[in-house]
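For ligands, and for the atoms within them, numbers begin at 1 and follow the listed sequence. Starting from 1, each residue takes its place in the sequence as its number.
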Amino acid sequence: MRRKLRMGMVGGGPGAFIGEVHRRASRLDGRIDLMAGAFDIDPEKSLEMGTSLCVAPDRTYREYKEMIEKELQREDPVDFITIVTPNNWHFPIAKECLEAGFNVMCEKPMTMTLAEAKELKSLVDKTGKVFGLMHNYTGYPMVKLAKDMVKLGDLGEILKIVVQYPQEWLARPIEKEGQQQASWRTDPKQSGVAGCMGDIGTHAANLAEYISGLSITEICADLTTFIDGRLLDDDGNCLLRFNNGAKGLLQASQVSIGTKNDLAIWVYGTDKSVEWHQERPNQLLVKGLGTPVEIWDRAYDYVTEKSAAAARCTRIPTGHPEAFFEAFANNYLNFSDTIFAALEGETPNELALDFPGVDAGVRGMAFIETVVESAASEKKWTSFKV
Ligand code: NAD
């Protein structure tokens with residue numbers, strides 16, 4: 001009989017954002033229990049968090065190294081460790097977890113540099129451990145439907161992709177007031193060489209490649225820091241070229257007043273186009289030349305019959321919205337099925353392997369470094385660095 005998977009967590013302390021989303025999403029299917037954690041950079045706050053989450057005192061750790069060491073000594077160690085710290089910690093923690101033999105679920109961007117990302121990929125290949133990267137927007141059923149429609153040829157040949165991720169929350173210098181999430185995101189030592197482009201531009205690039213199945217080959221980028229004194233970009237516009245000759249536009253911004261999390265994508269083929277908005281995630285618009293716009297709704301048979309990946313990630317009937325938590329849960333569903341297969345010595349089925357992993361992480365870091373290089377250069381096009 002299968003037992004539940006045991007999860008450990010690094011990060012997600014009091015007042016943190018995404019750690020709590022992971023905790024809720026990972027338990028949605030009842031197959032994962034949070035058993036251990038080093039939840040905060042401040043050891044006292046880690047203990048406080050463990051108490052509030054009812055994690056056993058002897059498995060609430062003061063720091064992640066202690067968790068790795070002590071969990072290894074147990075008969076029932078955690079099966080995987082989720083990393084939800086600021087970016088600068090992802091690489092050292094992921095590396096130590098993999099070396100110790102743990103599977104890893106890591107937040108994006110995967111590392112601080114492309115070189116680190118490549119090193120992590122070698123380590124994942126060498127250890128054979130399961131590695132997930134939380135590009136959560138790939139977890140939406142209607143995104144999976146769009147991907148399958150492209151794969152089935154419903155759109156024809158892909159000519160153009162427009163993708164955007166505008167937000168407003170950094171339109172004022174709130175990092176100067178000590179706002180937790182803004183403070184580290186605007187600090188190159190904790191965030192990396194890019195600000196907005198690393199934080200959300202990577203989601204947009206990943207979504208374009210995930211749905212289209214194409215790879216970005218060249219970028220022409222223009223990055224801006226609109227807020228005086230801020231050290232990293234808070235807005236960026238990119239022209240993209242893809243490996244099949246398709247062209248693209250990608251814009252991301254954290255100073256676009258009036259928009260909250262308006263990640264949206266338009267994929268144009270020779271026969272049809274699709275359009276998806278994460279603020280209306282249960283619908284996919286499907287459009288033909290000179291025909292009425294079709295609004296496809298999640299969970300109908302015409303969706304689940306076309307896309308097994310969407311069907312697998314659909315929990316409730318149409319009209320009852322599924323959204324952010326479910327998308328994270330869908331990545332955990334596939335990630336955990338892949339771990340189950342490994343534990344049972346079986347090959348995971350193809351649908352279970354449908355979650356972003358270390359390769360997406362390497363491409364994310366290549367995207368960041370290419371965009372920054374392009375923006376600093378007078379050259380029109382910069383080759384994708386990977
Ligand atoms: P946050 O500042 O809200 O939380 C970070 C937490 O990590 C804090 O509790 C902090 O104390 C803890 N921490 C820092 N260093 C640590 C260490 N060495 N050991 C243990 N704990 C440590 O940040 P956030 O907004 O939750 O972002 C965290 C990560 O998640 C970032 O990499 C970010 O890019 C990513 N993120 C992803 C999404 C998404 O949609 N996938 C959304 C938000 C954030």
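Two different hydrophobic clusters hold L351 and F355 under the rule that ILVMFWY side chains link at heavy-atom gaps under 4.5 Å.
Take E107 and apply the salt bridge (charged side-chain N to carboxylate O under 4.0 Å, His left out) test, not counting sequence neighbours, and it matches no residue.
The ring-ring contact (aromatic ring centres under 6.0 Å, His included) pairs that include a residue from residues 103-136 are H135-H203, where partners are two or more places apart or lie in different chains.
For the pair R62 and D42, the salt-bridge criterion is not met [side-chain N within less than 4.0 Å of a carboxylate O]. Using a 4.0 Å cut-off between a side-chain N of Lys or Arg and a carboxylate O of Asp or Glu, D354 and K147 do not qualify as a salt bridge.
Other members of the hydrophobic cluster containing V162, listed by chain and number, are L239, L249, W266, Y268, W381; membership follows side-chain contacts under 4.5 Å among ILVMFWY residues, whether direct or relayed.
Residues lining ligand 1 at a heavy-atom distance below 4.0 Å are given as V10, G11, G12, G13, A16, F17, I18, A38, F39, D40, I41, V84, T85, P86, N87, W89, H90, E107, K108, M134, N136, Q180, Q181, W184, R185, D199, H203, F328, ordered by chain and residue number.
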